[in-house]
Asks: 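Just passing along the structure, written as structure tokens.
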Amino acid sequence: QVQLVESGGGSVQAGGSLRLSCAASKYTYTYSTYCMGWFRQAPGKEREGVASISRSGGTAYYADSVKGRFTISRNNARNTVYLQMNNLKPEDTAVYYCAAENGGGYCYITDEFNNWGQGTQVTVSS
């Protein structure tokens, strides 16, 4: 178990950038043992995986729709994971959620993430 709180959302014009942060607390296990990920859900759409990162931060995975534009990173000393979003597009508009999972193996976006933040709104206008 881990409590996650996202921040950094807002409204930007297409082509702009935002940096999301997710702070973890009250975790059952050492923070560095968790795979971390970012997901998003647009109105009327299913939740989709955006990016995930390994426990040490050495390996990251991205959805094809954001590859080359978004970068996920983590600072285990600060118990925080980030999502740098560049060249934002209107289709990126969604509520973005931070998530964690403490299973073994690779930290794929498709893993069973079982700890979720409350979400932060990102709105990109054309």
Asks: What residues form a side-chain contact (heavy atoms from CB on, under 4.5 Å) with Ser7, not counting sequence neighbours?
Replies: Ser21

Asks: Could you tell me which residues satisfy side-chain contact (heavy atoms from CB on, under 4.5 Å) with Tyr108, sequence neighbours excluded, listed by chain and number?
Replies: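 side-chain contact (heavy atoms from CB on, under 4.5 Å) list for Tyr108, sorted by chain: Tyr61, Tyr106, Thr110, Asp111.
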
Asks: Which heavy atom of Gln1 sits nearest to which heavy atom of Asn102, and what is that distance?
Replies: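 So the two residues come closest at N-ND2, 4.3 Å.
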
Asks: To the nearest 0.5 Å, how far apart are CZ in Arg74 and SG in Cys22?
Replies: 10.0 Å

Asks: Between Thr59 and Ile53, is a side chain to side chain contact (heavy atoms under 4.5 Å, CB included) present by the stated rule, with each step listed?
Replies: CA-CA 6 Å; Thr59 306; Ile53 191 167; over 6 Å; no

Asks: Give a yes or no on whether Trp116 and Leu4 share a hydrophobic cluster (residues Ile, Leu, Val, Met, Phe, Trp, Tyr; joining criterion: side-chain heavy atoms under 4.5 Å apart).
Replies: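 Cluster IDs for Trp116 and Leu4 differ.
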
Asks: Closest heavy-atom contact between Val66 and Val50?
Replies: CG2-O, 3.6 Å

Asks: Short question: side chain of Tyr31, backbone of Arg78 - any donor-acceptor pair under 3.5 Å?
Replies: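 No; judged by distance alone, with no hydrogens or angles, the pair does not exist.
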
Asks: So which atom in Ser56 and which in Asn76 form the shortest heavy-atom distance, rounded to 0.1 Å?
Replies: CA-ND2, 4.3 Å

Asks: Which residues pass the ring pair (Phe, Tyr, Trp, His ring centres under 6.0 Å) test with Phe113, sequence neighbours left out?
Replies: Phe39

Asks: Nearest 0.5 Å, please: how far is CG in Asn79 from CE in Met36?
Replies: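 Taking CE in Met36 and CG in Asn79, the distance rounds to 9.5 Å.
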
Asks: Determine, stepwise, if the pair Thr120 / Tyr97 fulfils side chain to side chain contact (heavy atoms under 4.5 Å, CB included).
Replies: CA-CA 7 Å; Thr120 185; Tyr97 298 90; over 6 Å; no

Asks: Using every non-hydrogen atom in the two residues, find where Ile72 and Ala60 come nearest and quote the distance to one decimal.
Replies: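 Distance-wise, the nearest heavy atoms are CG2-CB, 3.6 Å.
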
Asks: Roughly how far apart are Ser125 OG and Gln13 CD, rounded to 0.5 Å?
Replies: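 If I round to the nearest 0.5 Å, the distance is 5.0 Å.
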
Asks: Please find the pair of heavy atoms, one from Thr80 and one from Ala23, that lie closest to each other, and give the distance.
Replies: OG1-CA, 4.2 Å

Asks: Strictly distance-based, threshold 3.5 Å: is any side-chain N or O of Ser52 a donor or acceptor partner for the main-chain N or O of Ile109?
Replies: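 Here the side-chain-to-backbone pair exists.
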
Asks: Please name the pair of heavy atoms, one in Ser32 and one in Arg55, separated by the smallest distance, quoted to 0.1 Å.
Replies: O-CB, 2.9 Å

Asks: Would you please name every residue forming a side-chain contact (heavy atoms from CB on, under 4.5 Å) with Lys45, sequence neighbours left out?
Replies: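 Per chain and number, Lys45 pairs via side-chain contact (heavy atoms from CB on, under 4.5 Å) with Ala42.
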
Asks: Measuring from atom OG1 of Thr28 to atom CG of Asn115, what distance do you get when rounded to the nearest 0.5 angstrom?
Replies: 8.0 Å

Asks: Can I get a per-line list of side-chain donor-acceptor pairs under 3.5 Å for residues 83-96, giving both atom names and the distance, sequence neighbours left out?
Replies:
from  : atom 1 : to     : atom 2 : distance (Å)
Gln84 : NE2    : Asn86  : OD1    : 3.0
Asn86 : OD1    : Ser17  : OG     : 2.9
Asp92 : OD1    : Arg40  : NH1    : 2.9
Asp92 : OD1    : Arg69  : NH2    : 3.0
Asp92 : OD2    : Arg69  : NH1    : 2.7
Asp92 : OD2    : Arg69  : NH2    : 3.4
Asp92 : OD2    : Lys89  : N      : 2.8
Thr93 : OG1    : Pro90  : O      : 2.9
Thr93 : OG1    : Val124 : N      : 2.9
Thr93 : OG1    : Val124 : O      : 3.3
Tyr96 : OH     : Arg40  : NH1    : 2.9
Tyr96 : OH     : Asp92  : O      : 2.7

Asks: Measure the spacing between OG of Ser73 and CZ of Arg19 and express it to the nearest 0.5 Å.
Replies: 5.5 Å

Asks: Passes side chain to side chain contact (heavy atoms under 4.5 Å, CB included), Leu20 versus Val81? Steps please.
Replies: CA-CA 8 Å; Leu20 305 183; Val81 63; over 6 Å; no

Asks: Once you round to the nearest 0.5 Å, how far does CD of Glu101 lie from CD of Glu112?
Replies: 8.5 Å

Asks: Classify the side-chain pair Glu46/Gln41 by whether it contains a donor and acceptor separated by less than 3.5 Å.
Replies: no

Asks: Does any N or O in the side chain of Thr123 come within less than 3.5 Å of the main-chain N or O of Ser11, such that one atom is a donor and the other an acceptor?
Replies: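 Looks like no, no N/O pair under 3.5 Å.
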
Asks: In the hydrophobic cluster built from side-chain contacts under 4.5 Å, what are the other members alongside Tyr82?
Replies: none

